[in-house]
Amino acid sequence: VIVGEAKKKTKAEIGPEGVVARIVTAANEAVSAAGLRLKNVTAVGIGAPSPASPETGIVFNAPNMAGWIDVPLGEMLGQKLALPVVVDNDVNLGTLGEFVLGAGKGCSNMVGVFVGTGVGGGLILDGQLVRGARYAAGEVGHTVIVPDGPLCGCGKRGCVEAFASRTAIEREVRAALAEGRPSVLADLMRDDNDRLTSGTIKQALDQNDALMTEVMAQVQYYLGLLAGNLVNIIDPEMIVFGGGVIEALGDGFLEPIRAIARPCFLSQRDVDRIRIVPATLGDHAVVLGAAVLARTQG
Ligand SMILES: [Zn+2]
């Protein structure tokens with residue numbers, strides 16, 4: 001249960017000390033919003049956009065945090081808050097949140113795939129989050145699906161993320177518009193400060209825009225192949241799709257993904273036991289996963 005909430009921009013450019021100070025302020029605000037004090041809190045969980053160690057609290061490498069390398073976030077925050085702090089990768093925590101409290105409740109084996117600016121992922125095997133030998137497991141978005149395909153945010157080419165992220169969708173849309181392709185997207189994006197948000201994608205699809213439908217069919221195709229590959233590797237009971245794009249488009253968007261994934265399953269036995277479903281916790285998946293981790297390990 002979420003009893004209090006506070007949100008702040010990260011402002012990674014001010015450096016780790018500054019960011020930790022902002023987290024402390026936000027933590028105090030959230031605790032006040034709940035009508036509590038920090039001394040009522042038992043433990044703190046926090047997600048970082050980086051491989052991170054829950055054992056040491058170190059954030060290894062966060063390009064989206066102005067290039068943090070080996071930042072001892074757990075220790076820094078723990079000292080300021082005088083509380084135990086557990087750190088993990090944000091998408092791992094989103095997956096854990098959905099597994100314990102969301103769509104994956106009752107499963108033992110689950111994969112989380114989060115489609116937003118990038119494509120993130122997390123793995124649950126036998127009821128446990130899988131972190132890997134270097135805390136780098138679950139990066140399903142960087143499965144190379146087309147060698148020498150489009151450039152990915154990671155610097156390689158042809159990753160799933162380079163086809164299915166909101167960034168990739170925007171790249172395809174802008175290229176088509178630049179070629180003079182007619183589409184309601186030209187107006188919709190202009191009205192939204194020249195951005196392509198998940199909401200705009202939904203609006204264009206709702207208006208049966210041919211360009212948007214075509215671009216999203218490609219996204220569904222690659223996410224379907226990814227889901228098929230994941231099933232062959234892990235044989236999970238459930239693949240949970242979350243993130244801004246999926247949230248905006250809902251369950252209907254997953255149907256073609258299911259249809260593309262199923263024929264890829266090597267084992268065609270009991271295919272209905274593998275469910276491909278939307279996430280249910282929305283924006284709260286990561287914080288709820290962080291709370292679950294803090295409760296079990298903090
Ligand atoms: Zn990549």
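Note that ligands are numbered from 1 as they come in the structure, with each ligand's atoms numbered from 1 the same way.
- No salt bridge links Glu55 with Arg131; every basic N to acidic carboxylate O contact stays at or beyond 4.0 Å.
- Distance alone, capped at 3.5 Å, is enough to place a donor-acceptor pair between the Thr280 side chain and the Ala103 backbone.
- By the ring-ring contact (aromatic ring centres under 6.0 Å, His included) test, Phe253 is found to be paired with no residue, residues two or more places apart in sequence or in another chain being considered.
- Between Arg273 and Asp235 no salt bridge is recorded (no basic side-chain N to carboxylate O distance below 4.0 Å).
- Residue pairs meeting the salt bridge (charged side-chain N to carboxylate O under 4.0 Å, His left out) criterion with at least one member in residues 39-50: none, sequence neighbours excluded.
- Remark: Tyr222 engages Phe163 in a ring-ring contact (aromatic ring centres under 6.0 Å, His included) (not counting sequence neighbours).
- Counting only protein N, O or S atoms, the number found under 2.8 Å from the Zn ion (ligand 1) is 4.
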